[in-house]
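What follows is a set of notes on a single structure, which appears directly below.
Labels below follow one simple rule: chain letters A, B, ... track the order of the sequence lines, proteins then strands, and each chain is numbered from 1.
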Amino acid sequence: MSTMVAKVIVDNRSSKTDKPYTYAIKKDMEEDLKQGMRVLVPFGRGNRYIKGLVIKIEKYNGNISKLKYIKDLLDDKPIISEKMLELSLWMKENYLSSYLDSLYAVMPPGDFKKINTYIYINDKQSFNMEQISPKEKNIISILNDKKKVSFSELKKEVKDNNIRKHIKKLEEKGIILTSLEIETKIHKKYEKYITLKNDNMKLEEILSKIDNRAFKQQEVIKFLYEAGETSLKKLLKETNTSNSVVKSLEKKGEIKIIEKEVLRSPIPNGISQYKKHKLTDKQEYCLNEILDTIRNEEGNKFLIHGVTGSGKTEIYLQLIENLIKSGKQAIVLVPEISLTPQTVERFVGRFGQKVAVLHSRLSYGERFDEWRRIKEGKVNIVVGARSAVFAPFNNLGLIIIDEEHENSYKSSMNPKYNAIEVAEKRCELEGASLVLGTATPSLETYYRAKSGEIKLLTLSDRINNKKLPTMNIVDMREELNSGNRSILSVDLYDAIEENLKNNKQTILFLNRRGYSTFISCRKCGYVAKCENCDISLTYHFSENKLKCHYCGMVTSPPRICPECGSKYIKYFGSGTQKIEEIVKKLFPYSRIARMDVDTTSRKGSHARILKSMKNGDIDILIGTQMITKGLDFPLVTLVGIIAADTSLNLPDFRSSEKTFQLLTQVGGRAGRGDFEGQVIVQTYSPEHFSIQMAKEHDYIQFYNKEILLRKEFEYPPFMDIITIVMYGRDRNKVSKVSKKIYSKILEKLKEINKGELAKNIFGPNPAPLEKLKNNYRWQIIIKSDKENLKMLKNVVSRVCIYNSQNKEYKDIKFSIDVNPNSIL
DNA sequence: AGCACGCCGACT
DNA sequence: GTCGGCGTGCTC
C-alpha cells in the first residue's frame, strides 16, 4: 500500500541541502496539508526543527519507516498558490538558481518567521543537586532567574560550544523542559489618534477648565474642537506643539488617545483624478486590436512599438479599465527609475484605491502591507518595478510591461530572472495576456515580434501630430579643432541661451555623476584607484572626496602624488557636478537643478525636483540616467546630450543598442508640449550607425543593421548566453579554479558526445572589471543555440552548483547568469 | 549552514 | 573520568 508523503524544501542556506526532502505525513494532518504551506520538520542528526515549504504531495512506494514525520503545520492555508509555486520552480530550472532563492521570490516579503525553542525549568520534578555538573548548574541558575529563555538567548549567555549536550542531559534527567514557539505576529503599525473626551461640551466650557497660562494646551483644544479626531503627528505639526502638551492634557482627562492600526501605504494622499482622454484613431485602433485578438483567442502577446509621446500610457489605462470590468486583475511593470510620482499619479488618479504600488524604496512593513492587500483581493491593479511580476493575484488577466527594453527588468540577484520571460510564463500558466510597450524595443523582443510570435502594433506619430524633436549632431573633434576646449559645444551653448531667452526649459544629460571622473599625476601618470575595485575614483566636489561608484568607498583626495610625491595632481573628465558648475558660471541668472543619485538619496527629494520642474521653477535640469524615462514636461524644448559616446565604447555586445535607446529616450523628453523640440547630441563618433539612426528616428533601420551583427557574431537573439563568474579574494586561486571548472565542463561535454560544443565556450578570462569589492573575478562565457541550452544548463549546474562544496573550490564563489544584461 | 560525533590532549 | 577543541561528514 502506498502512502502520501510531502516534498519539502528546507529553509537552510546551503547548496548541499537545497533539494526536496521527503517527509511522511501523520494521518491527522493529511487532510489539512496542501502544497504551498510551510511546515516544521525535524532535520539532521539532532532532529532540530526547521522551517520548510511543501512543494509537492505525492504517493510514496518506498519504505516509509525510514522517513521522518512532519512535526507541525505553520499555515492554515497555502501562502503561495499552486501556479506561483510552479512559476517558482520554472525559474529554478531556467535561471539555475536554488530552490530557496526561487521560492523566496514568490513568497510574502520577509517570510519564514522566527521559530524559537524555549527552555524552562520543569518545576514538577525534584532533583538531587549532587548529580549535576557545574556547567549544568549554571544553566539551571539562569533558568531560575528568567523562568523561560529562548535557546539563542541561552546560548549567548552561557557561551559554551557544548551547550546542546548539557541541555540534552538536563532534559533526559527531567529537570528542564523545552518547547517550540512560533512567532506568528504580523507586525502591524499603529498610530496614535487624539480626540476630545467631552465632545458634546462647548468650547468655552472646556477652555475654562484649563489654566490661562497654558497657552499651548488651549490651542490644542481649539484645534481638536474644529478638526475632530486627528493623528498625533498631524496635531503636533498643525499646532506647533510638543508631545508634553498632549500628555498633560491627557492627564487632565480632557482628551483621549486612541491607537489605530494604519495600513502602511506608499501611495501619497491627495492625488487628483486623472481624466480619461479621448483616444486618437491610432490609439483606438491599437486598443481594439489587442482586445479583439484576446477575445477571439488569436494570441495573447503584444508589443506596442510607439514613438516617445505617442500616448502608450493612455492605452494601458483603457486596456486595464476594460479588463477589470470582467473581474480580472492587472499588473503593470515600469522601470524602477521611472516609478516616479508622475507615473503613480496616472494610475492612482484613474483607478483610485484599487491600485497597489510596489517598489524598492518601500520599507519592509509597507511592502508586507501591500502584499497582503493584493493577496486578500483588496486591490485589482498593481503598479511596480520588476518584482511586482510576482504580485499574488489569483485571477490575473493582464501584465503590462512599459519601457520593455529597460535593463532593470533583469534581476542581478538570485534568482537572476528576466521579468519579461517570467511574465510570459506567468501569463501562460494563468491564461493572462502580456502587453509590452516601448519606443525602442530590445532586439530580442522585436525579433520575436517580426517572426509573428508576438503581435506587433506600431504607433509612429506623437499624439496631436506633434513633431518628433529634430536631432542635431555635433562632432566634438571639429569643435576641438576650431579651438573650443569647453565641454559645451558652441551650438549647444547658443541653443541654451536662446531657450533661456524664450523662457523654455532645458535638459542636459550626462551619464556620469560626480565632478571629475578620474584624477591623475601629471608627472608619473599615477591614477587614483579604489583599493577594493581597481577602478578609478570619481571626485565629488561638494564633499571634497573621492568616491568609488562600484563599492561606495570614500577617501580624501591626495594633495601630493602618493607615488612620486609631486604636487601636479590634475583632475580629468567631467561628471554632472562639473557640468552644473560650468553651466552656473555661463548662465548665472538661470535656475539650475541637478538630479542624480547624489541629489536624490533622501526620501522625497526626487519628487521635489520633479515638482519644481513641472512648476517651471527650473530652467536647466542636469541629470543622469534618472531623467531619461517617462518624464513628461511640456515646457522642455531643448535636450543636450553632453557625451553620447560613453555607452558606445563599452566592451559589450549591447553597447550599440544601449546607445540608440538612450539617445532616443532622452531626446524624447523634448517637445512634448505645444512647442517643437530640439536635441543636440555631442559626440566623438558622429558617423556611428546607432547615432545616425537615432538622429533619423529610424528604429527599423537601426534594427536591421544591428540584427545582422548579432547574427554574424552569434549573440542574442540567435544564441543564448550563460556566464559563469568565479570570484574570491585570492587572484591565483580564482584563476586556478576557473581553469578547473572550464576543463570539467569540457570533460562533461565529451562524456555525452558533445565535445564539438567546446568552440562555444570562451574563457576562462579575467572579467572586464576584474576586481570589484576586493574580489577578483574571472569568467567563462557559454554561447548556446536553442537545442543545446537545456543540456548546457544541466552541465553548468552539475559542475558549478552540485560540486560547489568541493574543498578545491573553498573561498571561491560562483555567480551564474543566463542571458545577462552585460558581460562586464 | 548547523550540528553531532569522534578523536585527542589537558586537567583534575 | 571530565571538559573543550577541532576536523569530518551528513541532513528525508
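For A/Glu428, the salt bridge (charged side-chain N to carboxylate O under 4.0 Å, His left out) criterion is met by A/Lys425, not counting sequence neighbours. For A/Arg654, the side-chain hydrogen bond (donor to acceptor under 3.5 Å, both in side chains) test picks out A/Glu444, with sequence neighbours left out. Every residue two or more places apart in sequence or in another chain was checked for a salt bridge (charged side-chain N to carboxylate O under 4.0 Å, His left out) with A/Lys783, and none qualifies. In this structure A/Lys529 satisfies the salt bridge (charged side-chain N to carboxylate O under 4.0 Å, His left out) test together with A/Asp534, sequence neighbours excluded.
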Using a cut-off of under 3.5 Å, enumerate the N/O to N/O pairs linking the protein to nucleotides 7-11 of chain C.
residue	atom	partner	partner atom	Å
C/dT11	O3'	A/Gly44	N	3.2

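In this structure, A/Asp11 places its CG atom 14 Å from P of B/dC3, rounding to the nearest Å. Summarising the geometry, the separation between CD1 on A/Ile64 and C1' on C/dC12 is reported as 11 Å, rounded to the nearest angstrom. Distance NZ (A/Lys56) to C1' (C/dC12): 16 Å, rounded to an integer number of Å. As a whole-Å value, the separation of A/Asn63 CG from C/dC12 P is 15 Å.
Applying the salt bridge (charged side-chain N to carboxylate O under 4.0 Å, His left out) definition to pairs two or more places apart or across chains, those involving residues 80-109 of chain A are A/Arg13-A/Asp101.
A donor-acceptor pair is defined here as one N or O able to donate and one able to accept, closer than 3.5 Å; no such pair exists between the side chain of A/Lys410 and the backbone of A/Pro820.
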